[in-house]
Asker: 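The structure's right below; bear with me while I get my questions together.
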Amino acid sequence: MSSHDIRRPFKRPAISDQQRRRELSLLRQSQNRHDAQLQARRLASTVLSLQSSSQEQQVDIQVTDELESCPEEIDDDYGHHKDSHDLRQATKLRGPDARLWFAKQLMLPEWMIDVPDKLNTDWYVFARPAGKRCFVVSSNGTTISRLRNGVLLHRFPSALPNGARTNNSKAAQSYCILDCIFHESDETYYVIDGVCWAGISLYECTAEFRFFWLNSKLAETGACDVPSTYHKYKFSALPVYNCDKEGLQTAYAGQVPYVKDGLLFYNKHAQYQTGNTPLSLVWKDEHCSQYVIDTDNKGQVQSQQQVVLELLDGGRLATSDDPPVIFGCLLGEFMQKTQLHCGDLIKFAIGEGGLVVVDSKLEKADLKYLGKSNRARAFADSYSKVLFQHAARYSPLRIEHLFASISSYVEDGNSTQDAEMAG
């Protein structure tokens, strides 16, 4: 038996339409006419001007008169609701709605439930640091970081463009927006992506270009240097690898200066797309993450999988995807008895009936009502997270499956190339 035949059993059949949605996302990005520069300027102003002090926890969004006079219309060909990009809409939001708006400005990876096609040629991989996901914005001689719900994390001087009084530029456009994870044990901001650099929008640049740009620019500014008076926290670019056998092995098993929390996969051709996207994927197992299966607030794995869904009109229970995946429907009598309202985030346990998926579509979910979710939560679980967590309990997508996909693609490609050469 050949090594090729030995590897085949490790390949898993697709259990979702994740690949189809990846192809649609790439097509949509190639057709969009998004005003990326305006989006970056609006996001930067919002991060800097959220209310502070005692009102910080409410995450009420305030903006300057200059930005309120910006054009109201932005193309919505980007694959998301228009108001997710419109700061004029965001200024009116309060509490949970403001948290939801802010969280959707980040590019949120889907969970890998199917191995992508061309994993070894079209994708990057790197080890994700454990920590707090945040936006970091430098402007007007200061630097601010905010968590994904908009709450202030740090205000500090930095070596980023316009991030401290010593490198304060008079140019209004000289600001920087980085997508980071703050790793508390070494007080380092690990940069996983970039939205804007020195006023230049990176929204419509491919991941291939963004990673190259960030690595070179961070080194130039000295932002990766040890902390000092005018540079309080260290920034660090992550080692990014081509997702071939060597790259995947290094990301998975190689040594890094931070605690790993799974692997991140980025499609090389993907732009920075706000909200959930199948062009960025997270995967984890027990070797590269302390928390593979979700735990409670004490760090204990629950006996049953728990999911958080949003209550829509008509009692429908939906994921955070766009469009949402409907898991079921609550009766009006039950909603009235439990005082549930449209927009509430509700926690359920998945019972013995589990999840029934037919032809990549959810047919049935055995849901057991537990109550309302934590108020600090911004949005419901994504469909890919629910499926990944379910598979992690019963039939996990293992590292062997990823290596097998790479191997089979290389072998198929070699055999095709040999046939063409022989002809």
Side-chain angles (χ1 to χ4, degrees), residues 12-26 28 78-81 84 100 103-104 106-117 133 148 262-267 270 273-284 291-294 302 304-330 342-351 353-370 373 377-397 401:
R12 290 160 41 115
I15 61 173
S16 78
D17 62 349
Q18 203 169 46
Q19 179 59 34
R20 181 184 64 84
R21 289 184 292 104
R22 274 190 284 270
E23 294 168 356
L24 288 175
S25 291
L26 285 172
R28 185 182 298 121
Y78 208 54
H80 298 277
H81 298 301
S84 70
L100 178 62
K104 284 190 174 181
L106 286 164
M107 184 164 77
L108 304 175
E110 290 193 6
W111 291 71
M112 184 188 289
I113 47 183
D114 294 328
V115 182
D117 289 347
R133 181 85 180 273
R148 57 188 293 176
L263 302 181
L264 276 174
F265 298 80
Y266 270 61
N267 188 288
Q273 177 177 326
T274 58
N276 294 332
T277 172
L279 300 177
S280 174
L281 301 169
V282 60
W283 174 91
K284 57 177 69 174
Y291 302 106
V292 179
I293 298 178
D294 285 345
Q302 303 280 0
Q304 292 179 307
Q305 180 184 353
Q306 294 186 2
V307 300
V308 175
L309 301 171
E310 182 180 359
L311 182 60
L312 303 183
D313 59 289
R316 295 176 300 154
L317 298 167
T319 64
S320 61
D321 303 274
D322 183 15
V325 176
I326 305 301
F327 269 61
C329 189
L330 295 181
C342 185
D344 284 347
L345 298 180
I346 310 172
K347 184 182 295 185
F348 295 89
I350 296 181
L355 304 174
V356 179
V357 179
V358 178
D359 294 332
S360 302
K361 300 294 183 183
L362 180 68
E363 288 283 314
K364 185 174 67 173
D366 183 10
L367 299 178
K368 308 297 182 183
Y369 175 75
L370 296 178
S373 179
R377 188 175 180 122
F379 44 73
D381 287 332
S382 66
Y383 182 53
S384 64
K385 179 182 179 181
V386 175
L387 286 189
F388 184 94
Q389 287 293 315
H390 192 262
R393 288 173 175 265
Y394 304 106
S395 179
L397 179 65
H401 300 134

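Every heavy atom of this structure was used, including side-chain atoms; hydrogens, water molecules and symmetry mates were not.
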Asker: For Gln304, what residues pass the side chain to side chain contact (heavy atoms under 4.5 Å, CB included) criterion, not counting sequence neighbours?
Answerer: Ala349
Asker: Identify, with sequence neighbours excluded, every residue that meets salt bridge (charged side-chain N to carboxylate O under 4.0 Å, His left out) alongside Lys368.
Answerer: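 Counting only residues at least two positions away or on another chain, Lys368 forms a salt bridge (charged side-chain N to carboxylate O under 4.0 Å, His left out) with Asp366.
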Asker: Quick one: NE2 on His390 to CD1 on Ile350, what's the gap to the nearest 0.5 Å?
Answerer: 5.5 Å
Asker: Does the pair Gln389 and Val307 meet the rule for a side-chain contact (heavy atoms from CB on, under 4.5 Å), with working shown?
Answerer: CA-CA 9 Å; Gln389 287 293 315; Val307 300; over 6 Å; no
Asker: List for me each residue that meets side chain to side chain donor-acceptor pair (under 3.5 Å) alongside Ser382, sequence neighbours excluded, and say none if there are none.
Answerer: Ser384
Asker: With sequence neighbours left out, write down each residue that passes ring-ring contact (aromatic ring centres under 6.0 Å, His included) with Phe265, or none if nothing qualifies.
Answerer: none
Asker: To the closest 0.5 Å, what do you measure between CG (Leu345) and CG (Leu309)?
Answerer: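 Rounded to the nearest 0.5 Å, the CG-CG separation comes out at 9.0 Å.
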Asker: What residues, two or more places apart in sequence or in another chain, satisfy salt bridge (charged side-chain N to carboxylate O under 4.0 Å, His left out) together with Lys385?
Answerer: Asp294, Asp381
Asker: Taking side chain to side chain contact (heavy atoms under 4.5 Å, CB included) as the definition, give me every residue that meets it alongside Ile326, ordered by chain and number, with sequence neighbours left out.
Answerer: Leu312, Arg316, Ala318
Asker: Looking at residues at least two apart in the chain, or sitting in another chain, which of them share a side chain to side chain contact (heavy atoms under 4.5 Å, CB included) with Pro116?
Answerer: Gln19, Arg22, Met112, Leu119, Trp123, Leu281
Asker: Are any non-hydrogen side-chain atoms of Leu330 and Tyr369 less than 4.5 angstrom apart?
Answerer: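 Counting from C-beta outward, Leu330 and Tyr369 never come under 4.5 Å.
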Asker: Walk me through whether Phe348 and Leu317 qualify under side-chain contact (heavy atoms from CB on, under 4.5 Å).
Answerer: CA-CA 10 Å; Phe348 295 89; Leu317 298 167; 3.6 Å; yes
Asker: Please report the closest heavy-atom contact between Asp321 and Tyr383, naming both atoms and the distance.
Answerer: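 Distance-wise, the nearest heavy atoms are OD2-N, 2.8 Å.
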Asker: Would you please name every residue forming a side chain to side chain donor-acceptor pair (under 3.5 Å) with Ser280, sequence neighbours left out?
Answerer: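 If we apply the side chain to side chain donor-acceptor pair (under 3.5 Å) test to Ser280, skipping adjacent residues, there are no hits.
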Asker: Applying side chain to side chain contact (heavy atoms under 4.5 Å, CB included), name anything that partners Asp344, two or more places apart in sequence or on another chain.
Answerer: Leu340, His341, Ile346, Lys372
Asker: Identify the heavy atoms of Glu310 and Ala380 that sit nearest to each other, and give their distance.
Answerer: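 Closest pair (atom of Glu310, atom of Ala380, distance): N-CB, 3.6 Å.
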Asker: Atom CD of Gln305 and atom OH of Tyr394: how far apart are they, to the nearest 0.5 Å?
Answerer: 7.5 Å
Asker: Take the angle between the ring planes of Phe388 and Trp111 and call it parallel below 30°, perpendicular above 60°, tilted in between.
Answerer: tilted
Asker: What residue among Leu264, Leu397, Ile113 forms side chain to side chain contact (heavy atoms under 4.5 Å, CB included) with Trp283?
Answerer: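 Going through the options one by one, the only one that passes is Leu397.
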Asker: Measure the spacing between CG of Asn276 and CG of Leu279 and express it to the nearest 0.5 Å.
Answerer: 12.0 Å
Asker: If we check side chain to side chain contact (heavy atoms under 4.5 Å, CB included) with Leu362, which of these qualifies: Val325, Val356, Leu387?
Answerer: Val325
Asker: Does Thr277 form a side-chain contact (heavy atoms from CB on, under 4.5 Å) with Leu108? I'd like the steps, not just the answer.
Answerer: CA-CA 6 Å; Thr277 172; Leu108 304 175; over 6 Å; no
Asker: Taking salt bridge (charged side-chain N to carboxylate O under 4.0 Å, His left out) as the definition, give me every residue that meets it alongside Asp117, ordered by chain and number, with sequence neighbours left out.
Answerer: none
Asker: Backbone N or O of Ile293 within a donor-acceptor pair of the Gln302 side chain at under 3.5 Å?
Answerer: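 No: the side chain of Gln302 does not pair with the backbone of Ile293.
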